[in-house]
Protein chains: 2
Amino acid sequence: MPTLKQKGVDKVFHALGDSTRREILEMLSEKPVSVSLLAGPLKISLPAVFQHLQVLEACGLVRSEKVGRVRTCQIDPAGFSVAGKWIAERRAMWERKLDRLGDLLDEPD
Amino acid sequence: MPTLKQKGVDKVFHALGDSTRREILEMLSEKPVSVSLLAGPLKISLPAVFQHLQVLEACGLVRSEKVGRVRTCQIDPAGFSVAGKWIAERRAMWERKLDRLGDLLDEPD
DNA sequence: ACTATACTTAAGTATATACTTAACCTTTGA
DNA sequence: TCAAAGGTTAAGTATATACTTAAGTATAGT
């Protein structure tokens with residue numbers, strides 16, 4: 001079943017699980033930003049930021065392009081739709097099932 | 001800003017970032033299941049499963065109740081709405097902004 | 001050509017995470 | 001009452017992750 005494309009889900013959620021990376025995403029959600037500008041507000045080194053960006057790119061949450069010596073990063077919606085879809089699908093299923101269950105916790109199978 | 005409730009977001013995404021934990025959630029999405037039944041199909045020890053369950057409970061993705069010596073686990077939608085909301089909010093914002101940008105950054109792909 | 005800027009790579013460290021096995025507690029049922 | 005079933009705790013290990021500093025590489029400005 002949905003175990004084939006799960007690799008991407010894995011990477012996206014793992015990426016979102018880090019608060020620094022989510023901070024980066026918040027910054028990028030305003031507008032595209034260069035690597036060093038992203039690093040500014042963060043209290044970690046520039047290489048560290050770069051590594052986070054690699055993670056974010058690898059799972060389709062961020063896209064970037066280098067022009068001259070400046071790399072500009074922006075949100076890539078692809079990764080988000082992977083994550084969003086996974087959650088939405090499960091949520092729909094549970095809501096149905098939980099509904100059907102009523103509130104009885106003790107269903108002895 | 002939204003930096004206050006972020007702790008929960010952190011934990012939920014981190015929890016979802018592990019494929020074994022997502023497998024557990026898949027199982028629970030069918031119906032409530034006991035700890036040892038959850039462990040059955042998984043190729044890890046029972047204590048390991050238990051630890052995953054603790055992570056899932058700590059972030060509101062799973063709820064459980066012990067009756068006699070059997071602990072029955074079920075999906076808790078709370079955690080999912082945290083994650084779903086975070087994604088939905090950002091997605092809405094980006095879609096607006098990216099739209100406004102047009103294809104400003106020319107797409108190399 | 002020379003220097004500064006902006007990123008990139010490399011290499012190492014410290015902590016977190018997922019797992020293990022062994023031992024322990026509770027409840028159930030002969 | 002005793003043993004098995006179901007779960008829990010403890011303790012240790014091995015790998016992954018997030019970070020660091022130092023040393024590149026390439027482009028821009030003078």
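Any value given below was found using the heavy atoms of this structure, including those in side chains, with hydrogens, waters and symmetry copies removed. So you know, we letter chains A, B, ... as the sequences are listed, proteins then strands, and number each from 1.
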Practice prompt. Spell out, yes or no, whether A/Ile44 and A/Phe50 are grouped together once hydrophobic residues are joined by side-chain heavy atoms under 4.5 Å, including indirect joins.
Written response: no
Item to complete: Report the residues that fulfil side chain to side chain donor-acceptor pair (under 3.5 Å) with A/Arg21, sequence neighbours left out, ordered by chain and then residue number.
Response: A/His52
Worksheet item: Could you write nucleotides 25-30 of chain D as a row of B, S and -, 5' to 3', where a protein heavy atom under 4.0 Å of any base atom gives B, of only sugar-phosphate atoms gives S, and otherwise -?
Response: --BS--
Discussion item. Would a single hydrophobic cluster contain both A/Ile75 and A/Val33, if residues Ile, Leu, Val, Met, Phe, Trp and Tyr are joined by side-chain heavy-atom contacts under 4.5 Å?
Written reply: yes
Response to the item:
Output for pair (B/Ser29 OG, A/Met93 CE), nearest 0.5 Å, gives 4.5 Å
Worksheet entry | Angle between terminal axes - the helix from C/dA1-D/dT30 to C/dA30-D/dT1, 5 pairs each end, rounded to 10° | 20°
Practice prompt. Applying side chain to side chain donor-acceptor pair (under 3.5 Å), name anything that partners B/Glu57, two or more places apart in sequence or on another chain.
Written response: B/Ser64
Worksheet item: Can you check whether B/Arg71 has a side-chain N or O nearer than 4.0 Å to OP1 or OP2 of D/dT8?
Response: yes
Item to complete: Can you tell me the distance, in whole Å, between the CZ atom of A/Arg22 and the P atom of D/dA18?
Response: 12 Å
Fill in: Interatomic distance, A/Asp10 CG vs C/dA18 P [rounded to whole Å]
11 Å
Worksheet item: Under the 3.5 angstrom rule, does the side chain of A/Arg22 hit a backbone N or O of A/Leu16 as a donor-acceptor pair?
Response: yes
Worksheet item: In whole angstroms, how far is the P atom of C/dT15 from the CG atom of A/Asp18?
Response: 17 Å
Practice prompt. Send over the distance from A/Leu53 CG to C/dA6 C1', rounded to a whole Å.
Written response: 13 Å
Worksheet item: What distance separates A/Arg69 CZ from A/Ser36 OG, expressed to the nearest 0.5 Å?
Response: 10.0 Å
Worksheet item: Heavy-atom distance under 4.5 Å between the side chains of A/Pro77 and B/Arg91, does that happen here?
Response: no
Fill in: DNA chain C contacts among residues 41-52 of chain A, heavy-atom distance under 4.0 Å
A/Leu46, A/Pro47, A/Phe50
Worksheet item: So how far is it from A/Cys73 SG to A/Leu25 CG, rounded to the nearest 0.5 Å?
Response: 10.5 Å
Fill in: A/Leu53 vs A/Ile24 side-chain heavy atoms within contact, under 4.5 Å
yes
Practice prompt. Establish whether B/Leu42 and B/Leu28 are linked, either directly or via other cluster members, by ILVMFWY side-chain heavy-atom contacts under 4.5 Å.
Written response: yes
Worksheet entry | Distance, rounded to the nearest Å, where A/Lys66 contributes NZ and C/dA6 contributes P | 12 Å
Item to complete: Under 4.0 Å from any atom of DNA chain C, heavy atoms only: list the residues of residues 54-62 of chain A that qualify, in numerical order.
Response: none
